[in-house]
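Taking it in order: structure first as structure tokens, then the write-up.
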Amino acid sequence: MQKFFRPMSMQLSEQEQIRRQALAELKKLGIDPYPQAEYKVNVTAKEILENFPKDNTLYQDVSFAGRIMSRRIMGAASFAELKDHTGRIQIYLKRDDICPGEDKTMYNTVFKRLLDIGDFIGVKGYVFITKMGEITIHATEFTVLSKSLRPLPIVKEKDGKVYDAFTDPDQRFRQRYVDLIVNDHVKDTFIKRAQIIRSMREFLYKKGYLEVETPVLQPIPGGAAARPFVTHHNALDMPLYLRIADELYLKRLIVGGYEGVFEFAKDFRNEGMDRFHNPEFTQMEIYVAYKDYFWMMELTEKMVEKIALDVHGTTKVQIGDNVIDFKTPFRRITILDAIKEYTGIDVSGMDEKELRETCKKLGVETDEYMGKGKLIDAIFGEKCEPNFIQPTFIMDYPVEMSPLCKRHRQNPDLTERFELMVNGKELANAYTELNDPIDQLERFKEQVRLAEKGDDEAMWIDMDFVRALEYGMPPTSGMGIGIDRLTMFMTNQPSIQEVIFFPQMRPEKKQKVITPEDFVALGVPEHWAEHIMAAGFTTPAQLKEAKPTAVQQKLNGFRKKNKLDIPAVQVEEIEKWQEGIE
RNA sequence: GAUUCGUUAGCUCAGCAGGUAGAGCAUCUGCCUUUUAAGCAGAGGGUCCGGAGUUCGAGCCUCCGACGAAUCACCA
């Protein structure tokens, strides 16, 4: 346990020490730096900045709270910037307003010396406009609401140009709270994310669909091809998996008689991480009875169009160098036609061997495990996918790739599946759902055969799901849409880490400085501890992992080489040291 | 996983072709009652990511390691 909670650096920086002293001095003055009482606020920064220019009789008795973001002190008067959840506003303090009597402590000591950038204060006063034309709260009193003990990165701005921006991705993601404090545009991105989700919910509520919750812990991880995270339930003494999708549960609910269900689902996939993948991510999946994938295309494009309009007020959205127009209807093309369009080759009707040759000719890499479906997908992925910048539905995927999808009504080698491509990336995936229980079981079995061949992402057989289908599922269409990717598109962010508050990171390792004393504490005698690092064991862990005999050889060799006047070490001693190491 | 780049003060970054570690902001002290990247004068602040090596001497060179980023691969 200990190793996950290494103490932060024990050494406080000068600035941190000064802030702790200020904290103590505040207490000495009888000021509680962390008061309990509610601080009643009657206005936001945004309201003032919007309304005061229209009517300067407003806001003559405001109570406002926020974080100090900058200070400009000029002797007996000061300006500071306070930030609340709506934005920043300047405040103005005058010594003789704050301290009308003889005692000037509140201004001279508390405000000027003991408060810092990062502290929360509340102010009461009235709004006016300075000579320089800035809307400002003239504070006649202030209250300390919370003292900050760590200095924030100082980001300055003039004429829209940002100086000393806080941009280091490592620090921004590990300490997202700091990122949110100093980078206003980051806050905006996540507000837009919330708008997108809200807009989607509204759209689906309006159609009368039911928002549901299904298990995150699943005994069989189904509904997608991906490696799951495994955990263990103690009471039941059985493995459980974090869901990779919620598809099979939502379809059970369709069997149960609901005609439209959807879920915003956190899904988990134990796979690589990059600009487009985080181990946990959010998908919205929806299933509607009596519909097919054509109907679902319309729902999807209408929904995405509405989101663009709600977030941007227009269907045109800048994504990287491209302007994407989410105006309906979106283009539709089958995967085979797409391949024809971009390679000039008609792969329909080709067998596996011909497809393999085609891949070779096109320079598409393959391996021997790939079946027809994967080969076609490889060609598409390499030669076509990046070209679909404007929203496009790619339709009718090969049957091998889609074990939960109904066969195409005209061609049993294909399925009624579409993916929505935007900016060369997959955004949504949908089927006319397979509701034939016998075919479903066959397809599951085919997946098992793939698994036996070595495909570690093939699906598992979920017999309970098959049983549900055996009771009868109405014809249904279902769709899943990636919320993180959608947010990336709608906010023009280049990486998934920019749209997930706390993206997965390697654990932060504070490098601990190891000294001979650390070895002494583990039972290594002093005369060895002072040489053990030089002899090649720079950490206790290294010492533990090494073979006792190897350690003995190394240490005694070192002793001889350096002519140390200490007794040679015995293997039993070394074994004892190793026992002492965690 | 591969390659490349990066890690120096609280923050953003310099640092010569190895020779006592620099700037701006922040901090501290003083001045300043409408400033706004406030200003002026002064001061303090560093395990140069960790370790080993080469060298009289390493922030800089070599090797090993940690973490991050970009590109590619893998994966969907």
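Chain letters run A, B, ... following the sequence lines, proteins first, then strands; residues in each count from 1.
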Scan the side chains in residues 101-109 of chain A for donor-acceptor partners under 3.5 Å anywhere in the protein, sequence neighbours excluded, and list what turns up.
{"unit_1": "Asp103(A)", "atom_1": "OD1", "unit_2": "Thr105(A)", "atom_2": "N", "d": "2.9"}
{"unit_1": "Asp103(A)", "atom_1": "OD1", "unit_2": "Thr105(A)", "atom_2": "OG1", "d": "2.3"}
{"unit_1": "Lys104(A)", "atom_1": "NZ", "unit_2": "Asp96(A)", "atom_2": "OD1", "d": "3.2"}
{"unit_1": "Lys104(A)", "atom_1": "NZ", "unit_2": "Cys99(A)", "atom_2": "O", "d": "2.7"}
{"unit_1": "Lys104(A)", "atom_1": "NZ", "unit_2": "Gly101(A)", "atom_2": "O", "d": "2.9"}
{"unit_1": "Tyr107(A)", "atom_1": "OH", "unit_2": "Gly75(A)", "atom_2": "O", "d": "2.8"}
{"unit_1": "Tyr107(A)", "atom_1": "OH", "unit_2": "Ala77(A)", "atom_2": "N", "d": "3.1"}
{"unit_1": "Tyr107(A)", "atom_1": "OH", "unit_2": "Ala77(A)", "atom_2": "O", "d": "3.3"}
{"unit_1": "Tyr107(A)", "atom_1": "OH", "unit_2": "Ser78(A)", "atom_2": "OG", "d": "2.7"}

* To do: May I ask you to evaluate whether Gln90(A) reaches the phosphate of rU35(B), defined as a side-chain N or O under 4.0 Å from OP1 or OP2?
  => no

Whole-Å distance separating the [atom1] atom of [X] from the [atom2] atom of [N]:
X         : N       : atom1 : atom2 : value
Phe79(A)  : rU34(B) : CZ    : P     : 7 Å
Ile496(A) : rA69(B) : CD1   : P     : 14 Å
Arg150(A) : rA26(B) : CZ    : C1'   : 16 Å

* To do: For the pair Asp377(A) and Lys374(A), find out whether any cationic side-chain nitrogen is under 4.0 Å from an anionic carboxylate oxygen.
  => no

* Asked: Is the shortest distance from a Lys or Arg side-chain nitrogen in Glu81(A) or Lys83(A) to a carboxylate oxygen in the other one below 4.0 Å?
  -> no

* Residues in salt bridge (Lys or Arg N to Asp or Glu O under 4.0 Å) with Glu157(A), at least two apart? -> none

* salt bridge (Lys or Arg N to Asp or Glu O under 4.0 Å) against Arg95(A), all qualifying residues, sequence neighbours excluded -> none

[N] to [M] separation - [atom1] atoms, rounded to the nearest Å:
N       : M       : atom1 : result
rA14(B) : rG50(B) : C1'   : 24 Å
rG6(B)  : rC60(B) : C1'   : 15 Å
rG59(B) : rG53(B) : P     : 15 Å

* Check each residue of residues 93-109 of chain A for a non-hydrogen atom within less than 4.0 Å of any atom in RNA chain B, then write out the ones that pass by number, or none. => Lys94(A), Asp96(A)

All ring pair (Phe, Tyr, Trp, His ring centres under 6.0 Å) counterparts of [X], not counting sequence neighbours:
X         : value
Tyr241(A) : Trp460(A)
Tyr59(A)  : none
Phe489(A) : none
Tyr126(A) : His138(A)

Closest to the [X] side chain: [options]?
X         : options                   : answer
Arg113(A) : rU29(B), rC28(B), rC67(B) : rU29(B)
Pro153(A) : rA70(B), rC11(B), rU34(B) : rC11(B)
Ser13(A)  : rG10(B), rC32(B), rA69(B) : rG10(B)
Lys156(A) : rC28(B), rU34(B), rA26(B) : rA26(B)

* Evaluate the side-chain proximity of Asn270(A) to Val230(A): yes if any heavy-atom separation is below 4.5 Å, no if none is. => no

* Pairwise 5' ranking along RNA chain B for Asp159(A) and Glu419(A), keeping only the more 5' one -> Asp159(A)

* **Watson-Crick and G-U pairing of RNA chain B written in dot-bracket, each distance under 3.5 angstrom, with | for inter-strand partners** => (((((((..((((.....[..)))).(((((.......))))).....(((((..]....))))))))))))....

What pairs of donor and acceptor atoms, side-chain ones from residues 127-137 of chain A against any protein atom, are under 3.5 angstrom apart with sequence neighbours left out?
{"unit_1": "Thr130(A)", "atom_1": "OG1", "unit_2": "Met132(A)", "atom_2": "N", "d": "3.3"}
{"unit_1": "Thr130(A)", "atom_1": "OG1", "unit_2": "Gly133(A)", "atom_2": "N", "d": "3.3"}
{"unit_1": "Thr130(A)", "atom_1": "OG1", "unit_2": "Glu134(A)", "atom_2": "N", "d": "3.1"}
{"unit_1": "Thr136(A)", "atom_1": "OG1", "unit_2": "Gln90(A)", "atom_2": "NE2", "d": "3.0"}
{"unit_1": "Thr136(A)", "atom_1": "OG1", "unit_2": "Glu134(A)", "atom_2": "O", "d": "2.9"}

Under 3.5 Å, N/O pairs linking protein and nucleotides 20-24 of chain B:
{"unit_1": "rG24(B)", "atom_1": "N2", "unit_2": "Asp164(A)", "atom_2": "OD2", "d": "3.3"}

* Going by the angle between their ring planes, with limits at 30° and 60°, are Phe388(A) and Phe380(A) parallel, tilted or perpendicular? -> parallel

* Sugar-phosphate or base contact per nucleotide [nucleotides 2-7 of chain B; S, B, -; heavy atom under 4.0 Å] -> ------

* Asked: Under the 3.5 Å rule, do the base of rA26(B) and the side chain of Gln15(A) count as making a donor-acceptor pair?
  -> yes

* **Side chain Glu134(A) and base rU35(B) donor-acceptor under 3.5 Å** => no

